[in-house]
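Please read the structure below before turning to the comments.
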Amino acid sequence: MPWSELDTAAVARTLAQIAELPDDLVDAYFEWREEVELPPEDEAPGLRIWREEGFAVRLMRGQRTWMASRDGIAERPFAEALRQVARALPPVGYPEPRVRAAPIPAGASGASDPAGAASIADLAHVLRDFPQAVARAVRAHHVGIPVRLTLRRHRRWLQVVGSRLVPEPQSESFYSCVLESQWGRHGALLPRLDAAAAEQIATAAVGLFRARNAAAVPPSFHGVAVLAPAAVAVLLHEAVAHALEADTLARGGRPEAAIGLALAAPCLDVLDDPAAAPPEVRRTSDDEGLPVSRRWLLRRGAVEEPLADTAWSRMSPALMPGAGRRGNRHLPPGPRSTHLELLPGGCAESDLLAQANGGLYLPAASRGGLDALSGELTLRFPHGRRIRRGALAEPVGACTLRGQVADLLARATAVGSERVAAGAGWCAKGGQKLPVWATAPALRLEAVTVEADA
Amino acid sequence: MPSSGEGDAAVAEVLRELVRRGLGEAEVLTKRGRSRRLTLELGSESSSFSQERAWAVRASSRRSSFFVAGAGELPVGEAGAPGAPGWTWPEATGRPFRLPEPEAVPPWTQPSDIEAPLIGESEGLRLLASLGDELAAELPGARLLLAALEDGSSEGELASSRGVRAAFRRRLATLRVEAAGPGHPGAGAALYLAAREAHRFHPKALARRLADRLSVAANGAPPGQLDAAGGSGAADPRGELLLAPPVALALLAGLLPLLVGPGAVARVSALRDRRGRIGSERLTIVDNGRLPGGALECPVDGEGMPCRETVLVEEGAFRQPLLAWWQVDGAAPGAASGCCRRASWRDLPAPGPTHLYLRPDPRLSVATLLADVARGHYLIDATGPARFDAAGERFELPVCGFAVEAGRATAPVAGAWLCGTASAFFKGIAAAARDLSFLPLDGMLGSPTLLVTGLELRPAS
């Protein structure tokens, strides 16, 4: 942990000095992050490393927020940032508590990632080995196709200090992988680089390859679609998580007015539970230092607890904070999901397919988007399969599922019984790039419209 | 903060150390920046001030290479090693690379506004609030959902083992606005703009633009249908089209593969007519990293190479693609232009436009072009991203605007798609107005209002 030389008690005392009014909230956010990337073999430069540390100080008073952030962690800049946030004149002196980030041993990791214990040199070997593992996994599908992989390990340590609360430090460690082939591109987040991860990437590569000459989805396809867990995860992220973020809800009125609303079919129980995420990215507190909870976003299809951070919970007291996330120290927190779960239903995948004759099977979504004002949801799929006689049939090409959020979610008729960790990816709402995770079973949607892409 | 002399010494020490380790191609970038960000969002107000300080090093031997970047000071240890104690340079892996030889940079006078102070907190918040007030005055019932203003400045130095030495300063303000029209749910509209200074954003003009967008979205009918008032939304969908800069730029952004990099030559060949032209005589496309007054104006690019004006298409004839120094090998015509951008200190330099624009005609106003439209449409904005086919040739762009007859707007049009091909777009440009405007897309892209034929406006399916 880099925070052994951070005097959190002294920082908290100093923060308390600028909290002048009873409802003032002051906090400091310290972060240390490292990314190590191995690009494809034909790209230069080779190994790429980013290391950064810094902090932000924030004061919230009523509906107003002031924030000051700096690169580097040291006493003098910290005192300067405090002065800026308090809007005090330079002669006002604030104490300079000991704020230093201890050096991270090359391989230290707060998470149970075997590669986290490796030095940069060892990590480089791990990253170099993975493409070979993927190539072997591809060959196991009886195809040999060239792919280019860009692999990156992401590690982040953070410590939030409030004037009254000093939560446990948090850490995350995971990998991102971008696969490029002449048949398309696929991006994934992986908690670890193991055989399952290699198989996941290989399956995506083979799927793109096998769909290379696929027929287009019939024009104006309207019918049953079975979404595999990875596709369900993107659907949930766009249609449930984004739709139930307090700032999104506020665009249409009071966010708390959504509570109790029947947004989806009763078969959908959706939670955000950062504490149940894969161990490498599991969290006990959010990026504002507040404890996370097992948050029921939808219970039997009805909205129960929208996602909120501190600012939105102050504006709408019915909302519970604990879902504040920030892309980095220079950006303010916002309400976002971390790890979505769709509770399983009672339908085996074979049953989902059996009742979807003539429909589409959509294994993974490459992109999704929600228009917060109109409520229109768009999910893009690089390829799919037709379903015939209860089995997967011929592949189909790229297509897009489009519809109104509430209308689409109401069309869910059956939920698979087998949940898998799936659908992790980057979310870029508001310019803040954040990793998001999900655990979901397959899902059947009836009477949906899917368009073939140009 | 170390003095410039201390910084130079640290950079020189790192370069020496890397060369000593056999990494003959070594480059160090140091950068400092500060920015103020002001946001109004649904009743809340926030103000933040950030200071950034960072460095990036890339180095290559004859066989392998690496890239390292970090926040904070460029740390130089006893052995010239950067980073926290225990840090050493990583093992070089992957392919090697070359760095450019130094080139003389033509004289350049730093614009005076680069020195101007960042916008103050209360001044910036007033600007955002007045944008909301103006919008409500232009279109009663319309409201701002989000207005975020960021005003920043940065400076940096670049040095390489090849002898490149460059210093640069930049100033950039961006404004993001999202608004909703009257009613529930109201139509939505968004703007994202960049300028060198925040003072260049004019709330009244921006509010008018948003109000036009919202009004058209709320009242417009798809092309070919009668509007609610019974007027003619049925102007000829294949007639003349007047494309306002946001519409022309949405197309230009999607067509950049035809203009950037050596691969552009092969892509462009399919567009050539019998005379070898890819566009009408009104089509001239230029890229210029040191465009006077440009938001990204700078004498050098992200590798310290001098920026210069490069004509890519001249009166319809393709002259050359945009090329970085290492892409000039005879495979593509033309000279390098200093076009390797660094999006931030975290990014490697990559070729791309800086200020790429369609040349305007200073003799023609938008009103003159509009008056010349006998039967067609005036498209004022793109309402979503363009879709291109796999070859990047055929496109569809969601747009809104007005039907036009005899030079007058007769009905608002919404729910429309502008469809066509790159070739038809370039060859169909009949005139360009004088109102050159830039938007932050892939670099700063610029276009005046264009009068175009040969494209089609279709109703959304």
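Order of the sequence lines sets the chain letters (A, B, ...), proteins ahead of strands, with each chain counted from 1. Predicted model only: the values in this text are computed from it and were never measured.
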Which bit of [X] comes within less than 4.5 Å of chain B, counting heavy atoms only: side chain, backbone, both or neither?
X        : result
A:Asp371 : neither
A:Arg61  : neither
A:Arg58  : neither
A:Arg33  : neither
A:Met315 : side chain

Region of [X] that comes under 4.5 Å of a non-hydrogen atom in chain A:
X        : value
B:Leu144 : neither
B:Arg143 : side chain
B:Ala217 : neither
B:Ala187 : backbone
B:Leu348 : side chain

Does [atom1] belonging to [X] count more than 12 external heavy atoms closer than 6.0 Å?
X        : atom1 : answer
B:Arg346 : CZ    : yes
B:Arg63  : CZ    : no
B:Arg394 : CZ    : no
A:Arg367 : CZ    : no

Nearest 0.5 Å, what's the [atom1]-[atom2] distance between [X] and [Y]?
X        : Y       : atom1 : atom2 : value
A:Arg314 : B:Ser44 : CZ    : OG    : 11.5 Å
B:Phe67  : A:Ile49 : CZ    : CD1   : 10.5 Å
A:Leu38  : B:Thr93 : CG    : OG1   : 5.5 Å
B:Phe97  : A:Glu43 : CZ    : CD    : 13.0 Å

What option among B:Ser64, B:Gly72, B:Ser50 has the most heavy-atom pairs under 4.5 Å with chain A? B:Ser50
Only pairs of heavy atoms separated by less than 4.5 Å count here; which of B:Ala71, B:Ala92, B:Gly188, B:Gly94 has the most with chain A? B:Ala71
Salt bridge or not for A:Arg70 and B:Glu52, using N-O below 4.0 Å? no
Before accepting this row, confirm whether a basic side-chain N of the pair A:Arg87/B:Glu121 lies closer than 4.0 Å to the acidic partner's carboxylate O. no
May I ask you to decide if A:Thr65's main-chain N or O and B:Ser46's side chain share a donor-acceptor pair within less than 3.5 Å? no
Closer than 3.5 angstrom, by distance alone: can the side chain of B:Arg53 be matched with the main-chain N or O of A:Asp71 as a donor-acceptor pair? no
Please check if the distance between the ring centroids of B:Phe49 and A:Trp66 is under 6.0 Å. no
